[in-house]
Each structure stands twice: as structure tokens, then as C-alpha cells.
A.B. asks: 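I am attaching a structure below and will ask some questions about it afterwards.
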Amino acid sequence: VMNSTDDLKLGVTYLGNPNGIPLVITPGWACDHHFLKPLANLFPDFKIMLVDMPGYGKSKALSKFSISTRQSANLLLNTIPNNCYLISWSLSTLVAIRAISNDKDHKISKFVSICGTPKFPCDPNWPGIDYKYVVKAQRLFDGQRNNRSIKLFFKMQTKSGLLTKEQGCELMEAYDKMGEIDTEVLQNGIYKMSYSDHREAFNSIKIPCLHIFGQKDHLVKSILANKIINPPYHLCAVLQNSGHMPFYTEPDELKKIINLFFFI
């Protein structure tokens with residue numbers, strides 16, 4: 001059966017060493033490749049591929065696929081080379097998990113999630129976001145004040161006390177470079193965050209995975225590490241002084257943990 005995404009690829013920004021191991025990095029909700037540069041800079045020896053998700057940056061024209069994790073996963077698999085490592089931050093972890101579970105050609109050899117989860121909202125057996133915040137997020141992005149709300153969201157990150165003034169400026173600069181995102185694309189992201197449950201696909205993964213959490217992250221709680229650690233495939237690490245953006249707050253520690261995992 002032909003998929004509507006079969007001949008399409010996501011937009012990519014290349015950095016690092018063109019002859020290095022391919023390292024694919026995917027961004028969080030309301031972010032494009034500009035936000036990933038501090039993370040990419042930690043791995044100069046790799047051939048870095050910063051991938052824009054449907055509706056963002058260089059993948060703006062693919063916005064109609066932003067509602068579907070499955071189609072976004074197909075697009076990701078079409079885009080990446082063989083024998084690559086994959087790092088996914090925040091919401092794009094959902095797409096990464098689907099991609100790995102559908103990866104018939106075994107393109108992805110190792111996976112790192114940063115502040116990600118197979119299911120964002122909580123349930124009685126799963127530590128996650130309280131549903132009242134999920135509902136609040138759905139109401140907030142109703143089409144009227146979207147880009148203002150996003151700017152506020154990033155401003156809050158800069159005022160969290162975890163980022164330096166310089167990092168705060170860098171974050172706002174990335175926001176300005178990204179430009180406005182379509183309302184529908186933002187809402188689709190909130191929808192996926194609210195209703196996706198990829199725990200089954202997650203548990204079927206048979207490649208080495210490392211899941212990194214920030215102890216001070218209010219969005220993806222670090223207690224999740226106790227739920228998903230499952231050697232040999234799923235290893236976890238918690239960074240004590242980080243929230244949702246450890247590549248800003250503890251870059252050296254993050255780099256050390258990830259490199260150790262890549263080169264074990």
C-alpha cells in the first residue's frame with residue numbers, strides 16, 4: 001500500500017563533520033532547527049542533521065502531516081541515512097518512538113531521548129502531566145494569541161533561574177529566527193501531546209536507548225526514569241540541575257553522558 005508520505009522528505013540543516021557518523025536531531029513542540037544549535041554544538045565530530053518537523057522551518061510545506069505521528073514517523077524514516085544515531089527532544093520523542101518501531105531497514109542504530117516520554121499525560125500508573133494542564137494548553141492555543149503565548153512560554157524558560165542571561169537571549173533569538181507558526185500546526189502538536197500513547201511501540205524497541213531527564217523539569221517528570229529503565233535496551237539518566245532544556249543548563253554533563261552511551 002502506498003503511503004501519501006512515501007516520496008517525501010523532511011527539511012534538514014547540516015552541521016558538524018561531513019565525514020562523521022550521522023547524528024539526527026529532532027526538536028520539541030513550537031521549535032525548529034534554530035533551537036537545536038546549542039545541542040548540535042556539543043557533537044562537532046558527528047555529521048549533524050537537524051530535522052524540522054512537519055509545518056516548521058524547512059518542512060513548512062508538509063504541515064498537513066503535523067496531525068499524524070505515524071506519517072511524521074514515515075517522513076523521518078524517509079529522510080535519515082542508514083546507520084545513524086537519533087536524538088529527540090521533548091514532543092518529537094513520540095515521532096521517534098513510532099519511527100524506531102517501524103524501522104524495517106534498521107536505519108537507526110542508537111536512540112537518545114531528552115526530556116521525552118511515550119505518553120505525556122499522567123494516568124494512575126504513569127507519572128505525567130496533570131490533565132488540567134493539558135486542558136489549559138488546549139484552551140491557550142485557540143488561534144487568537146498563539147505566537148504571543150509561545151513567546152511567553154519561552155520567556156518563562158528564560159526567567160526560570162536555570163538559564164543565564166546570555167542563554168535567555170540565545171533562546172529568544174532562536175524564537176525570532178523561527179518566525180510565526182501556523183495555528184493548526186501548533187494545535188496538532190498539543191493534540192498529539194494530549195492523546196498519544198506509544199508505550200506499546202516503546203516496549204517493542206530492540207535497539208540501545210538512553211533516556212535523559214531533568215530533575216527540575218515540570219513537563220516531563222524525572223520520576224519517569226524509574227518506570228522506563230529496562231536493560232539492556234532502555235537506560236536512564238537524570239540531570240540534577242536541569243529543567244526541560246538540559247543542553248542549555250548542563251551541556252558538559254549531557255555531552256559526557258551521551259558520548260559515553262554512543263561509544264560503549
Side-chain angles (χ1 to χ4, degrees), residues 10-18 20-53 56-59 76 79-81 84-97 99-100 108-117 153-154 157-158 160 162-164 166-178 189 209-217 219-220 222 235-263:
L10 294 164
V12 176
T13 301
Y14 291 91
L15 297 170
N17 173 8
I21 297 166
L23 174 58
V24 178
I25 311 181
T26 60
W29 175 79
C31 296
D32 69 358
H33 61 275
H34 290 106
F35 290 85
L36 297 174
K37 296 212 170 141
L39 181 53
N41 291 340
L42 301 179
F43 304 101
D45 297 337
F46 287 84
K47 179 183 180 177
I48 305 276
M49 297 174 66
L50 304 182
V51 175
D52 281 322
M53 289 320 226
Y56 293 92
K58 295 178 180 179
S59 304
L76 183 60
T79 307
I80 61 177
C84 69
Y85 295 166
L86 172 62
I87 297 180
S88 292
W89 171 47
S90 192
L91 189 68
S92 66
T93 306
L94 296 173
V95 171
I97 290 166
I100 296 164
I108 303 161
S109 52
K110 289 196 174 186
F111 173 55
V112 176
S113 72
I114 299 176
C115 302
T117 169
F153 170 71
F154 288 124
Q157 305 292 327
T158 66
S160 63
L162 295 173
L163 301 188
T164 65
E166 198 181 322
Q167 288 170 332
C169 291
E170 213 177 310
L171 189 60
M172 295 319 292
E173 210 174 285
Y175 169 82
D176 289 334
K177 282 181 183 163
M178 176 173 71
C209 300
L210 171 65
H211 310 291
I212 299 171
F213 301 94
Q215 181 70 45
K216 299 177 177 177
D217 189 351
L219 193 61
V220 178
S222 61
L235 305 172
C236 294
V238 178
L239 294 175
Q240 296 303 314
N241 299 308
S242 289
H244 202 59
M245 297 181 175
F247 42 93
Y248 275 113
T249 44
E250 292 178 88
D252 296 339
E253 194 60 23
L254 185 72
K255 176 182 181 171
K256 195 166 85 183
I257 292 168
I258 293 176
N259 273 330
L260 201 62
F261 169 69
F262 282 159
F263 298 115

A.B. asks: Taking the side chain as C-beta and beyond, is there a heavy-atom pair between Lys256 and Asp252 under 4.5 Å?
C.D. replies: no
A.B. asks: Counting neighbours of CD on Glu166 that are heavy atoms of other residues, nucleotides or ligands and sit closer than 6.0 Å, is the number greater than 12?
C.D. replies: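 No, not enclosed.
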A.B. asks: Below 6.0 angstrom between ring centroids: does that apply to Trp89 and Phe35?
C.D. replies: no
A.B. asks: Measuring from atom CD1 of Ile21 to atom CG of Asp45, what distance do you get when rounded to the nearest 0.5 angstrom?
C.D. replies: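 Between Ile21 CD1 and Asp45 CG, I get 9.0 Å after rounding to 0.5 Å.
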A.B. asks: Rounded to the nearest 0.5 Å, what separates atom CE in Met53 from atom SG in Cys31?
C.D. replies: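 Between Met53 CE and Cys31 SG, I get 11.5 Å after rounding to 0.5 Å.
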A.B. asks: If I take atom CG from residue Asn17 and atom CG from residue Leu23, how far apart are they, to the nearest 0.5 angstrom?
C.D. replies: 12.0 Å
A.B. asks: Can you give me the closest heavy-atom contact between Val220 and Gly116, atom names plus distance?
C.D. replies: CG1-O, 3.6 Å
A.B. asks: Below 4.5 Å, heavy atoms only, C-beta onward: do Tyr248 and Leu171 meet side chain to side chain?
C.D. replies: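 Yes, side chains in contact.
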A.B. asks: Side chains of Leu76 and Val51: does their closest heavy-atom pair fall under 4.5 Å?
C.D. replies: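 A side-chain contact under 4.5 Å exists here.
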A.B. asks: Determine the minimum heavy-atom distance between Gly243 and Thr249, stating which atoms define it.
C.D. replies: N-OG1, 4.4 Å
A.B. asks: Output the distance between atom CG (Asp217) and atom OG1 (Thr117), rounded to the nearest 0.5 Å.
C.D. replies: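 Going from CG on Asp217 over to OG1 on Thr117, the span is 10.5 Å.
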A.B. asks: Considering only heavy atoms from C-beta outward, does the side chain of Leu254 approach that of Ile212 to under 4.5 Å?
C.D. replies: yes
A.B. asks: Whether the Thr13 and Lys58 side chains hold a donor-acceptor pair (N or O, under 3.5 Å, no angle test) is what I'd like checked.
C.D. replies: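 Yes, because at least one side-chain N or O of Thr13 sits under 3.5 Å from a partner of the opposite role on Lys58.
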A.B. asks: Using every non-hydrogen atom in the two residues, find where Glu170 and Pro38 come nearest and quote the distance to one decimal.
C.D. replies: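 So the two residues come closest at OE2-CG, 3.4 Å.
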A.B. asks: Can you measure from CG (Leu36) to CG (Leu50) and round to the nearest 0.5 angstrom?
C.D. replies: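 Taking CG in Leu36 and CG in Leu50, the distance rounds to 5.5 Å.
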A.B. asks: Roughly how far apart are Ser92 OG and Ile25 CD1, rounded to 0.5 Å?
C.D. replies: 10.5 Å
A.B. asks: Answer yes or no: is there a side-chain heavy-atom contact under 4.5 Å between Leu239 and Glu250?
C.D. replies: yes
A.B. asks: Taking the side chain as C-beta and beyond, is there a heavy-atom pair between Ser90 and His244 under 4.5 Å?
C.D. replies: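 Heavy-atom side-chain distance check passes, below 4.5 Å.
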A.B. asks: Side-chain donor-acceptor pair under 3.5 Å between Ser88 and Thr26, yes or no?
C.D. replies: yes
A.B. asks: Can you confirm if the aromatic rings of Phe46 and Phe262 lie within a centre distance of less than 6.0 Å?
C.D. replies: yes
A.B. asks: Taking C-beta and beyond as the side chain, do Val112 and Phe261 meet within less than 4.5 Å on heavy atoms?
C.D. replies: yes
A.B. asks: Within the distance-only criterion (no hydrogens, no angle test), does the side chain of Tyr56 pair as donor or acceptor with the backbone N or O of Ala30 below 3.5 angstrom?
C.D. replies: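 Yes, because the side chain of Tyr56 sits within donor-acceptor range (under 3.5 Å) of the backbone of Ala30.
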A.B. asks: Quick one, Phe213 and His211 - any side-chain contact, counting heavy atoms below 4.5 Å?
C.D. replies: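 When only atoms from C-beta onward are counted, His211 and Phe213 do touch, with a gap below 4.5 Å.
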A.B. asks: Identify the two heavy atoms, one from Pro22 and one from Pro81, that lie closest to each other, and give their separation to 0.1 Å.
C.D. replies: CB-CG, 3.6 Å
A.B. asks: Tell me whether Lys37 at atom NZ has more than 12 heavy atoms from other residues, nucleotides or ligands lying less than 6.0 Å away.
C.D. replies: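 Count over threshold, so yes.
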A.B. asks: Which atom pair, heavy atoms only, marks the closest approach of Lys216 to Gln240?
C.D. replies: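 Answer, listing the atom of Lys216 first, then Gln240: CE-O, 3.7 Å.
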A.B. asks: So which heavy atom on Ile48 is nearest to which on Phe43, and how close?
C.D. replies: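 Shortest heavy-atom contact: CD1-O, 3.6 Å.
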